Amino acid sequence: MTSTPGEYLLTLDDVDVVYGGSILALRGVGLKVPASGIVALLGANGAGKTTVLRSISGLLGWHRGRVTRGRVTYDGADITGTAGSALVSRGIAQVMEGRRIFGDLTVEENLRMGAFTRHDGQEAKRTMASVLEEFPILRERFTQRAGYLSGGQQQMLAIGRAMMAKPRLLLLDEPSLGLAPIIVKQIRDVIRRIADSGVAVMLVEQNADMALSLADYGYILEGGRVALEGSGPALKEDPTIRELYLGIVGAQDAEMAAASGEAWP
Ligand code: ATP
């Protein structure tokens, strides 16, 4: 990415995050998200992906975490340490890992909760109409309890609820987790359309194949640091990424194994 001042909607500069006063979860993390497009954040369990999202969405405090160094800038303003509710009205929405819909409430009530910071009734109704157009299943189940939806439908509801806030920046934490491949493909198409509508998307995924097939740009986190970054296609071709995250081993390795008589793969 080439940078000129003001080009990015969100930046993290040299950010450290500490949990409980002693656990250093992020170390000098720097990343940039342009005003539109998809940025992927990849890494193994515990690498710090969710912590990056929490440091952007203002949810660190809930987890006894704090940015102890560096700065988070959104839309030109320093938002380091700003509480989550204030950020929703400024256009940052997060879909948390595990979906976290309200199972006892109806689909409609869940969607309405996504618009809780808005005071533009007519406009909110239009957003509801466009969310239901994007997710016809939510229209079908509008008055039913959300807890009765399947895992994939709950993920659609979680994304739809976030879209009710009319975000400029959508943070998605592992939207493909635990879903069947056909549903993952549907979610991927939805994310693409959301990005094409002009929303900046930050996508945290363990499914590197899905994330890198969508991402314009990606960051790989290791041990709380950015270990590698590059365009989506470049990362997909990177031999280390292919081996560690995509499970693809180079032809050379296969030949060596064949020569040594090992079974392959
Ligand atoms: P996963 O893919 O498993 O969700 P992740 O890459 O999202 O992992 P984080 O959840 O951000 O990683 O965790 C980064 C580090 O911070 C880990 O060492 C984790 O144990 C630690 N951590 C996360 N949340 C807390 C917390 N509330 N209190 C203390 N340590 C935490």
Side-chain angles (χ1 to χ4, degrees), residues 10-33 38-72 74 79-85 87 92-101 151 154-155 158-159 162 169-179 183-184 187-188 191 201-215 217-230 232 235 238 240-247:
L10 176 87
T11 57
L12 266 68
D13 293 308
D14 208 14
V15 166
D16 283 4
V17 167
V18 173
Y19 286 110
S22 61
I23 299 164
L24 185 56
L26 295 187
R27 305 150 192 256
V29 167
L31 52 85
K32 298 181 167 86
V33 180
I38 301 174
V39 170
L41 197 53
L42 304 173
N45 286 120
K49 306 178 296 296
T50 298
T51 303
V52 168
L53 294 193
R54 287 176 184 158
S55 72
I56 299 166
S57 63
L59 297 181
L60 268 181
W62 285 94
H63 302 270
R64 298 183 60 232
R66 202 162 65 83
V67 174
T68 54
R69 192 166 68 102
R71 191 163 52 168
V72 183
Y74 169 74
I79 59 160
T80 320
T82 305
S85 53
L87 295 173
I92 300 180
Q94 179 170 356
V95 177
M96 285 185 265
E97 188 182 329
R99 308 189 263 277
R100 314 270 176 94
I101 49 112
Q154 290 189 10
Q155 186 60 270
I159 296 174
L169 173 64
L170 178 65
L171 308 172
L172 294 170
D173 199 351
E174 305 218 16
S176 78
L177 194 70
L179 301 179
I183 310 293
V184 172
I187 300 278
R188 192 179 65 187
I191 296 170
V201 176
M202 186 155 200
L203 174 63
V204 161
E205 263 299 338
Q206 294 227 8
N207 182 339
D209 193 29
M210 180 244 207
L212 292 178
S213 67
L214 273 173
Y217 202 81
Y219 294 87
I220 313 290
L221 282 184
E222 267 174 36
R225 296 179 200 277
V226 174
L228 202 61
E229 63 180 281
L235 289 178
D238 186 287
T240 315
I241 306 290
R242 287 168 70 81
E243 191 170 334
L244 290 180
Y245 296 99
L246 299 173

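Position 1 is the first residue of the sequence, and the numbers go up from there. Start at 1 and go down the list; that is how both ligands and their atoms are numbered. Since the structure is predicted, the reported quantities are computational estimates derived from the model, not experimental observations.
- Contact annotation: the side chain of L228 approaches that of I241 to within less than 4.5 Å [non-hydrogen atoms, C-beta and beyond].
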* Go through the steps to decide whether I56 and Y74 satisfy the test side-chain contact (heavy atoms from CB on, under 4.5 Å), and finish with yes or no. => CA-CA 9 Å; I56 299 166; Y74 169 74; over 6 Å; no
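- Atom 3 (O) of ligand 1 has its closest protein heavy atom at N45 ND2, 2.8 Å.
- Judged by the shortest distance from any of its heavy atoms, A44 lies inside the 4.0 Å radius around the atoms of ligand 1.
- When all heavy atoms are compared, the tightest approach of L87 to G58 is CD1-N, 3.7 Å.
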* **Full working for side-chain contact (heavy atoms from CB on, under 4.5 Å) between I38 and Y217** => CA-CA 7 Å; I38 301 174; Y217 202 81; over 6 Å; no
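- Protein heavy atom at the shortest distance from atom 10 (O) of ligand 1 is T50 CB, 3.8 Å.
- Set against the non-hydrogen atoms of E97, the atoms of ligand 1 under 4.0 Å away are 4 (O).
- The protein does not reach atom 20 (O) of ligand 1 closely, with no heavy atom under 4.0 angstrom from it.
- The closest protein non-hydrogen atom to atom 18 (O) of ligand 1 is G46 O, 4.0 Å.
- Counting heavy atoms from C-beta on, the side chains of L42 and L221 never come closer than 4.5 Å.
- Between L53 and V204, some side-chain heavy-atom pair lies under the 4.5 Å cut-off.
- Remark: distances from the non-hydrogen atoms of R64 to ligand 1 are all 4.0 Å or more.
- The closest approach between any non-hydrogen atom of G48 and ligand 1 is below 4.0 Å.
- Summary of contacts: the protein heavy atom closest to atom 11 (O) of ligand 1 is T51 OG1, 2.5 Å.
- If you check which protein heavy atom lies closest to atom 27 (N) of ligand 1, you get H63 O, 3.3 Å.
- Those atoms of ligand 1 that come under 4.0 Å of a heavy atom in E174, given as number and element, are 2 (O).
- Closest to atom 23 (C) of ligand 1 among all protein heavy atoms lies Y19 CE1, 3.4 Å.
- L203 has its side chain out of reach of L41: every pair of non-hydrogen atoms, C-beta onward, lies at least 4.5 Å apart.
- Only side-chain heavy atoms of I23 come within less than 4.0 Å of ligand 1; its backbone N, CA, C and O stay farther off.
- Contact of the E97 side chain with the T50 side chain is registered, since non-hydrogen atoms from C-beta on lie closer than 4.5 Å.
- Which parts of ligand 1 touch Q206 is read off a 4.0 Å heavy-atom cut-off, strictly below it: atoms 2 (O).
- Counting atoms of ligand 1 from 1 in the listed order, those under 4.0 Å from a heavy atom of R54 are 24 (N).
- Ion pairing between D14 and R69 holds under the 4.0 Å rule for side-chain N and carboxylate O.
- Nearest heavy-atom pair across M210 and V184 is CG-CG1, 4.0 Å.
- Close contacts between ligand 1 and A25 involve ligand atoms 15 (C), 16 (O) [criterion: under 4.0 Å to a heavy atom].
- Using a 4.5 Å heavy-atom cutoff, the side chains of V17 and R66 are not in contact.
- By the definition of a contact as any protein heavy atom under 4.0 Å away, atom 29 (C) of ligand 1 is in contact.
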